[in-house]
Number of protein chains: 2
Amino acid sequence: MTKAPAKPRALKPVVRQSTAAMIADSVRGALERGDLPPGSQLGEADLAKQLGVSRGPLREGLQRLTQEGLLLSIRNRGLFVIEMTPDRVRDMYVARQAVERAAAEQIHLLDAPEQAGAELMEITDAMTVTAEAEDATGVGEADIAFHDLLVRLAGSTRLSLMHRTLLTETRMGIHALDPTYEGNDSRAAEHRAIAQSFIDHDPATTDRLLQLHMADAVERLVPGDGAPED
Amino acid sequence: MTKAPAKPRALKPVVRQSTAAMIADSVRGALERGDLPPGSQLGEADLAKQLGVSRGPLREGLQRLTQEGLLLSIRNRGLFVIEMTPDRVRDMYVARQAVERAAAEQIHLLDAPEQAGAELMEITDAMTVTAEAEDATGVGEADIAFHDLLVRLAGSTRLSLMHRTLLTETRMGIHALDPTYEGNDSRAAEHRAIAQSFIDHDPATTDRLLQLHMADAVERLVPGDGAPED
DNA sequence: CCGTGTCTGATTGTCAACAATCGATTCTGG
DNA sequence: CCAGAATCGATTGTTGACAATCAGACACGG
């Protein structure tokens, strides 16, 4: 599509997504932004009204998030946002390590992992600019975008699906435990080194750096006697 | 509870599980048994009647399986069982490797990984008996039970949740691609070696053996030019 | 014969009403 | 005063009815 738009009014894409999926995405966004605090109950009537749907489709959408483990359903009591306990956050990082290290391995199996490295490097560059502007939230979001891209570049549907849940939970954890989750120059440097390791075709370094990076992230978010080395 | 039952009619446990969860589990079982072939459409009216529920809760339950990626929802067209293509099965094994290797690492971090090894060894012993009886389905099921226990022993809620989906998909793949997925002595020996590596406190060997074992499983289920080494 | 339009039956999607459940509050009796 | 029972309001869980959509079949015109 190198031409200018032929018409100012493009055809409108038809709705293919189910209402339940749309609702799930919308509520996911609220979870990620911290609009629905951990432990809080989701009232169906109120939420359905806000979203402009009836309770049936809302329940369907929330079943999706329940299955993902982001909501807790208690029969006859209702749906609750999960508590972001330190143990839960640590467990979530265990799962993130599993997924991201596997994704990295798959990228190294591609014909040109250096391309992936270059794409990741662009995010790192943007992260550096953001860090110099002392925009901690921006760095945090770039951090997450880096990991999101990393897994997407692996081209694995399964890993991507699992990772989406884990990134949602990451954002929830940040809001719950450390809203001032800081970004600084060292963050960008770590990411740059990971991206470089793809350019260098060096899977062992990628793996090592990812482990260190994630262990550091956990330690900063949930410090204490739950260190992964225990 | 070392006493004999005080009453012949025990109290009935209250239902804590939501109807949607029960329905999801029931349909999951049907998927795992191959009762619902890949690509087939799930008709709501018929299925609700079979399960003795109305369509509302059925839809809720099926949203769970849809979110897991086991069903495909097409708006206004209905729900379909996913196709078990060779690429999909390979991708699923990528994800399984990620989860199971991470689980193995967590087990090695426990105080007594040799206990885990002993528990896994029991399944291996049962697998050997089953293989000698030339019960291929039994070996296949013991194979899956081994991997299920492996991940459960890691004590990670997240890994276990992800793994449940992957094992469902594994069973679906076996039904679709190779209903005669064979078990024999070499299967038991591979599992025994993995179990032994926990007893030996040897994480590097566990990791290596898991990779080999999974690569072999993929190759047997979807042979050809999609070899993981490509 | 082929392409387009219309109709039909089956299925999905949504809604409002009612049933069921629960926690909090109030009442009652010892 | 305290414990147990009853009540109440809010919320969740389910159902049946109706609306919306789609694929397939059929009719019609060029």
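Reminder, nothing fancy here: chain letters follow the sequence lines and each chain counts from 1.
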Flag for H191(A)-D143(A): side-chain donor and acceptor within less than 3.5 Å: yes

pair L42(A)-V27(A): side-chain heavy atoms closer than 4.5 Å: yes

Are any of the side-chain heavy atoms of H213(A) and H147(A) separated by less than 4.5 Å? yes

As an exercise, state the distance from CG of L36(B) to CD1 of I82(B), rounded to the nearest 0.5 Å. 12.0 Å

With rounding to the nearest 0.5 angstrom, report the OG1 to CD distance, T66(B) to Q63(A). 11.0 Å

For E60(A) and dT14(C), what is the distance between atoms CD and P respectively, to the nearest whole Å? 7 Å

CZ of R59(B) versus P of dG13(D): gap in Å, rounded? 17 Å

Main-chain N/O of Q17(B) paired with R75(A) side-chain donor or acceptor, under 3.5 Å: yes

In whole angstrom, what separates K49(A)'s NZ from dA16(C)'s P? 12 Å

Does T170(A) use its side chain to pair, donor to acceptor, with the backbone of L166(A) at less than 3.5 Å? yes

Minimum heavy-atom distance between Q67(B) and R64(A), given as atom pair plus value: CG-O, 3.4 Å

Without decimals, in angstroms, what is the distance between L58(A) CG and dT14(D) P? 15 Å

Round to a whole Å and report the spacing from CD1 of I23(B) to P of dG13(D). 12 Å

Tell me: CG of L62(B) to C1' of dT12(C), nearest whole Å? 12 Å

OP1 or OP2 of dT14(C) under 4.0 Å from side-chain N/O of S54(A): no

Under-4.0 Å side-chain N/O to phosphate OP1/OP2 contact, S18(B) with dG13(D): no

What parts of residues 37-46 of chain A reach DNA chain D, counting only heavy atoms under 4.0 Å away? Q41(A), L42(A), G43(A), E44(A)

Is it the case that atom CD in Q115(A) sees more than 12 heavy atoms from other parts of the structure closer than 6.0 Å? no

Measure the distance from CZ on R16(A) to P on dC22(D) and round it to the nearest whole Å. 10 Å

Base, sugar-phosphate, or nothing for G78(B), non-hydrogen atoms under 4.0 angstrom? sugar-phosphate

Using nucleotides 17-23 of chain C, report all nitrogen or oxygen pairs with the protein that are shorter than 3.5 Å.
| residue | atom | partner | partner atom | Å |
| --- | --- | --- | --- | --- |
| dT21(C) | O3' | N76(A) | ND2 | 3.1 |

